[in-house]
Number of protein chains: 2
Amino acid sequence: MAVSRAVLTNVYAAPDSCQDVRVAKEKAASIRALNRERITAAILDAARDQIAHSGASALSVRAITRELGMASSAIYRYFPSRDDLLTKLIIDSYDSLGAAVEAAESRVPREDLTGRFRAICRSTRRWALDNQHEYFLIYGTPVPGYKAPQDTIAPATRVATLMITVLVEAAAVRATNGRQPAAPAELRRALSPMRSSVPDLVSDAEMANGLSTFSALFGAISFELGGQLHNVIRETETSRSAYFEFQIDGWIAALGW
Amino acid sequence: MAVSRAVLTNVYAAPDSCQDVRVAKEKAASIRALNRERITAAILDAARDQIAHSGASALSVRAITRELGMASSAIYRYFPSRDDLLTKLIIDSYDSLGAAVEAAESRVPREDLTGRFRAICRSTRRWALDNQHEYFLIYGTPVPGYKAPQDTIAPATRVATLMITVLVEAAAVRATNGRQPAAPAELRRALSPMRSSVPDLVSDAEMANGLSTFSALFGAISFELGGQLHNVIRETETSRSAYFEFQIDGWIAALGW
DNA sequence: TCTAAATGCGAGCACCGCTCTTGTTTTGGT
DNA sequence: ACCAAAACAAGAGCGGTGCTCGCATTTAGA
């Protein structure tokens, strides 16, 4: 109806006439396409709001449509199911985290390897604290039946890729002096899938170490966000951050840097 | 009705007459009390089945009552809400994990500190692999509105307590040789809540180190169970376990043992 | 024995994800 | 410029959920 349509357009950027926005050939942004974009964005925004406020389990498509003033059935023109909506949100969360970490890491001088490592750890924690529910959307309880679609894996690996890059550069520096002992055959086999993404100059032990540190980082963050540090570490940001910095030092030491 | 009652009693241990089972004073097990126990246990069993099969989010009280042949409203005589049922299951899971880890640790000679540490790590992982959904019930995404009741905290600390015990004994051994440098004031303050449960002979750094290692352990397990090691570590038990053992070695080294 | 508490049941409420039908709007080819 | 086809919005409806309430029955304790 005209009513709901008006609501929808109100929610969004000025419904300027679509004709002055280049009616060029190719995909000349039609009214349909523009509306679709706007409404899709509105749905995602509302969904993000809901998740930020009360977590992924409370995400309700009916609540979204209610807020947007549309019929509950209309949303299925944009997302075939609640799971597809969640998938999109998951991808966005991965990208949001990835972008935040990449931005923080890029601000550190290239030659400062430990500084870059620190930046990765800190910005990951920072993002997690600022987006708790989105963090658990990604690193929390896996959804029973849910199988991660293909298009989630690329965004999912952004921060891991960054970590590997730093690890590789660190290995390159340290490879100049002395060869390292070979890892046990079983560990080598275990690492074989990861090996294909990591140059040979990184030893098996360095790879395993890096991965272990990586999971320790997320363990630390999950502990803090999950309340496992309640009555253990003082609940002020200064204390929490001091403990986190202590952990970073430990990880750097464990990496042999 | 007699029908559903029959079903219920069938599900459970023989409904032997309650009179021969000491009609003594005090809480002379009445028919009511016995049935209540039986039905409560049946509900919990069915709930555990559901969780083990498809996770906590899929836990449905109606499905439980259906399976037990009772009216959906009847379950509220036993658990006032779905959340209370979940709370009970959470407590049970904590206890189950705690008991498993305590049993494994107790089998190692007292003087073998690293062996006891290893036993804690391994049995925790083992339990998590065997009870994936229960693990995430405990260490997964925190429920938005959920506030852990008082009676969960004791079971929740069983494995942590065990870990602290080993840490303390290790500190006692190493305290004989040399004092350790004081930790920064901020870290000391951060650790103050934990300090009240840990004797003074454990230094701040040792405490923080132990805690960090503890969270790393759960980070590692969550990574494995959460699928974060997919395409990273080979998905066979031998490979997974080899990588886990490598991590244990790293943690022991980080603890300075 | 007799009252009060505990228990079971069914109807019902408000919500959920999702489907199907109907009627309207927009698009694109002729 | 017209018209069939596609996209879309709305509403009713289905089966599911957690939970409440009133009523009948059973048990406990005085």
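What you are looking at is a predicted structure, and each value in this text was computed from that prediction instead of being measured. Chain letters run A, B, ... following the sequence lines, proteins first and then strands; every chain starts at 1.
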Going by ring-ring contact (aromatic ring centres under 6.0 Å, His included), name the residues that satisfy it together with [X], two or more places apart in sequence or in a different chain.
X: B:Phe136; answer: none
X: B:Tyr135; answer: B:Tyr139
X: B:Tyr243; answer: none
X: B:Phe244; answer: B:Trp251

Between [N] ([atom2]) and [X] ([atom1]): distance, integer Å:
X: B:Met70; N: C:dT7; atom1: CE; atom2: P; result: 11 Å
X: A:Glu37; N: D:dC8; atom1: CD; atom2: C1'; result: 17 Å
X: A:Ile43; N: D:dA9; atom1: CD1; atom2: P; result: 9 Å
X: A:Leu68; N: D:dC8; atom1: CG; atom2: P; result: 15 Å
X: A:Arg66; N: C:dG17; atom1: CZ; atom2: C1'; result: 12 Å
X: A:Ile39; N: D:dC8; atom1: CD1; atom2: P; result: 8 Å

Determine which pairs satisfy side chain to side chain donor-acceptor pair (under 3.5 Å) with at least one residue from residues 52-62 of chain A, sequence neighbours left out, and list them in order.
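Checked against side chain to side chain donor-acceptor pair (under 3.5 Å) - neighbours excluded - no pair reaches residues 52-62 of chain A.
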For DNA chain C, what residues of residues 73-88 of chain A have any heavy atom nearer than 4.0 Å?
A:Ser73, A:Tyr76, A:Ser81, A:Arg82
Is it true that A:Glu237 and A:Arg126 make a salt bridge, defined as a side-chain N closer than 4.0 Å to a carboxylate O?
yes
Without placing hydrogens or testing angles, list every side-chain donor-acceptor pair under 3.5 Å for residues 86-93 of chain A, not counting sequence neighbours.
| residue | atom | partner | partner atom | Å |
| --- | --- | --- | --- | --- |
| A:Thr87 | OG1 | A:Asp83 | O | 2.9 |
| A:Thr87 | OG1 | A:Tyr146 | OH | 2.7 |
| A:Lys88 | NZ | A:Asp92 | OD1 | 3.1 |
| A:Asp92 | OD2 | A:Arg48 | NH1 | 2.9 |
| A:Ser93 | OG | A:Leu89 | O | 2.9 |
| A:Ser93 | OG | A:Glu134 | OE1 | 2.9 |

Please identify each residue that fulfils salt bridge (Lys or Arg N to Asp or Glu O under 4.0 Å) with B:Arg195, with sequence neighbours left out.
B:Asp204
Give me the distances for all protein-to-nucleotides 28-30 of chain D N/O pairs that come in under 3.5 Å?
| residue | atom | partner | partner atom | Å |
| --- | --- | --- | --- | --- |
| D:dA28 | OP1 | B:Ser30 | OG | 3.1 |
| D:dA28 | OP1 | B:Ile31 | N | 3.1 |
| D:dA28 | OP1 | B:Arg32 | N | 3.3 |

Which residue in the set A:Thr40, A:Ile39, A:Ile43 passes side chain to side chain contact (heavy atoms under 4.5 Å, CB included) when paired with A:Ile75?
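Running side chain to side chain contact (heavy atoms under 4.5 Å, CB included) over A:Thr40, A:Ile39, A:Ile43 with A:Ile75 returns exactly one hit, A:Ile43.
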On DNA chain C, check which nucleotide each of A:Ser72 and B:Ala71 is closest to and give me the residue with the more 5' one.
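With A:Ser72 and B:Ala71 compared, the 5'-side residue is B:Ala71.
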Identify, residue by residue, the members of residues 47-60 of chain A with a heavy atom below 4.0 Å from DNA chain D, and return them in order of residue number, or none.
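Hits under 4.0 Å, by residue number: none.
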So does B:Arg62 reach the base of D:dG18 with its side chain, donor to acceptor, closer than 3.5 Å?
yes
Quick one: which residue pairs count as a ring-ring contact (aromatic ring centres under 6.0 Å, His included) with a foot in residues 78-100 of chain B, not counting sequence neighbours?
none
For B:Ala119, enumerate each residue passing the side chain to side chain contact (heavy atoms under 4.5 Å, CB included) test, keeping only those at least two apart in sequence or located in another chain.
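Expected list: B:Val108.
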